[in-house]
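To start, the structure itself, in structure tokens.
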Amino acid sequence: QVQLVESGGGLVQAGGSLRLTCAASGRTFSSYYTMGWFRQAPGKQRELVAIRDYSGGTTNYADSVKGRFTISRDNAKNTVYLQMNSLKSEDTAVYYCLVGTYSQVRTGATDYWGQGTQVTVSS
């Protein structure tokens, strides 16, 4: 069993910044898991925003956020972050943290999703 708790969402003006945090816990959690972020907006397709493996050797971003968002993790604390800069109105969505193997996180095919945190960007 793995529990994921996201925080850091809120309302921000376009051009502003937010940092999302996801803390993972559970007796079966492995620090070697890949961690990542999906987002979902009403009426839009679910989108993988960012993904990072344990070592950082494999890191990828959606084209829409490259150069603006940065995923990082603190393996000692089993925590992943998403630094979001130069926010745009189209970034408005619920952001979800995921953990699992790289392939599980890339496709969303994992049982370990957080409850989500709302990010709203006003123009």
Side-chain angles (χ1 to χ4, degrees):
Q1 186 71 34
V2 175
Q3 294 82 43
L4 302 172
V5 180
E6 302 103 330
S7 61
L11 175 64
V12 64
Q13 287 190 325
S17 298
L18 288 172
R19 189 176 79 154
L20 306 184
T21 298
C22 174
S25 63
R27 294 185 183 274
T28 62
F29 180 79
S30 173
S31 294
Y32 292 91
Y33 280 7
T34 294
M35 305 185 77
W37 295 89
F38 269 78
R39 66 185 180 186
Q40 177 71 65
K44 293 185 177 180
Q45 185 178 358
R46 184 186 68 188
E47 179 182 31
L48 177 66
V49 177
I51 184 169
R52 182 181 175 92
D53 67 4
Y54 175 78
S55 67
T58 303
T59 304
N60 285 295
Y61 299 91
D63 288 341
S64 59
V65 307
K66 284 183 178 178
R68 300 188 297 117
F69 291 10
T70 302
I71 186 171
S72 61
R73 60 189 292 172
D74 184 337
N75 291 332
K77 296 182 178 180
N78 295 327
T79 300
V80 64
Y81 307 93
L82 186 67
Q83 180 66 46
M84 309 165 66
N85 297 328
S86 301
L87 283 162
K88 305 175 180 180
S89 60
E90 54 262 42
D91 295 318
T92 296
V94 178
Y95 285 71
Y96 298 92
C97 176
L98 297 82
V99 300
T101 68
Y102 189 90
S103 61
Q104 287 175 330
V105 173
R106 182 182 63 82
T107 63
T110 173
D111 291 335
Y112 302 126
W113 288 64
Q115 293 185 351
T117 185
Q118 176 71 46
V119 172
T120 303
V121 184
S122 63
S123 59

- Query: Short question: side chain of Glu6, backbone of Gln115 - any donor-acceptor pair under 3.5 Å?
  - Reply: yes

In terms of heavy-atom contacts, Ala24 and Leu4 come closest through CB-CD2, 3.5 Å

One should read off an interatomic distance between Ser25 OG and Gln3 CD, to the nearest 0.5 angstrom, of 4.5 Å

Between the OH atom in Tyr95 and the CD atom in Gln40, the distance rounded to the nearest 0.5 Å is 11.5 Å

query = Hey, are Tyr33 and Asn75 close enough side-chain-wise for a donor-acceptor pair under 3.5 Å?
reply = no

When rounded to the nearest 0.5 Å, the distance separating CH2 of Trp37 from CE of Met84 is 9.0 Å

Exercise. Does some side-chain heavy atom of Ile71 sit less than 4.5 Å from a side-chain heavy atom of Thr59?
Worked result: yes

Worksheet item: With no hydrogens and no angle check, is any side-chain donor or acceptor of Thr92 less than 3.5 Å from a backbone partner on Thr120?
Response: no

* Asked: Can you check whether Tyr81 reaches Thr70 side chain to side chain, under 4.5 Å on heavy atoms?
  -> no

From the list Thr110, Asp111, Thr34, side chain to side chain contact (heavy atoms under 4.5 Å, CB included) partner of Leu98 resolves to Thr110

Ser103 meets the side chain to side chain donor-acceptor pair (under 3.5 Å) criterion, sequence neighbours left out, with Thr101

Do Thr117 and Val94 pass the side-chain contact (heavy atoms from CB on, under 4.5 Å) test, and can you show the C-alpha distance, the side-chain angles, and the key distance before you say yes or no?
CA-CA 5 Å; Thr117 185; Val94 178; over 6 Å; no

Just distance, no hydrogens or angles: give the donor-acceptor pairs under 3.5 Å from side chains in residues 42-51, sequence neighbours left out.
{"residue": "Arg46", "atom": "NH2", "partner": "Thr107", "partner atom": "O", "Å": "3.2"}
{"residue": "Glu47", "atom": "OE1", "partner": "Arg39", "partner atom": "NE", "Å": "2.8"}
{"residue": "Glu47", "atom": "OE1", "partner": "Arg39", "partner atom": "NH2", "Å": "3.0"}
{"residue": "Glu47", "atom": "OE2", "partner": "Ser64", "partner atom": "OG", "Å": "3.1"}

What one should report as the nearest heavy-atom pair of Ser123 and Ala14 is CA-CB, 4.2 Å

query: Applying the 4.5 Å side-chain criterion to the ILVMFWY set and letting contacts propagate, would Val105 and Leu82 be lumped into a single cluster?
result: no

Under a 4.0 Å threshold between the charged nitrogen and the carboxylate oxygen, would Lys66 count as salt-bridged to Asp63? yes

Open item on the list: Could you check whether Ser17 and Asn85, counting side-chain N and O atoms only, form a donor-acceptor pair closer than 3.5 Å?
Closed with: yes

Do the side chain of Arg68 and the main chain of Ser86 share a donor and acceptor less than 3.5 angstrom apart? yes

*asked:* Check the orientation of Trp113 and Tyr96. Use parallel for under 30°, tilted for 30 to 60°, and perpendicular for over 60°.
replied: perpendicular

Q: Indicate yes or no: at least one non-hydrogen side-chain atom of Ser7 is less than 4.5 angstrom from one of Leu20.
A: no

Between the CE atom in Met35 and the SG atom in Cys97, the distance rounded to the nearest 0.5 Å is 4.5 Å

The reported gap from CG in Asp53 to OG1 in Thr58 (rounded to nearest 0.5 angstrom) is 4.5 Å

**Q.** Transitive ILVMFWY side-chain link Phe38 to Val65, under 4.5 Å
**A.** no

Let me check something: do Leu18 and Val80 share a hydrophobic cluster, defined by ILVMFWY side-chain heavy atoms less than 4.5 Å apart, either directly or through other members?
yes

Check: In terms of hydrophobic clusters joined by side-chain contacts under 4.5 Å, are Tyr112 and Tyr102 together?
Finding: no

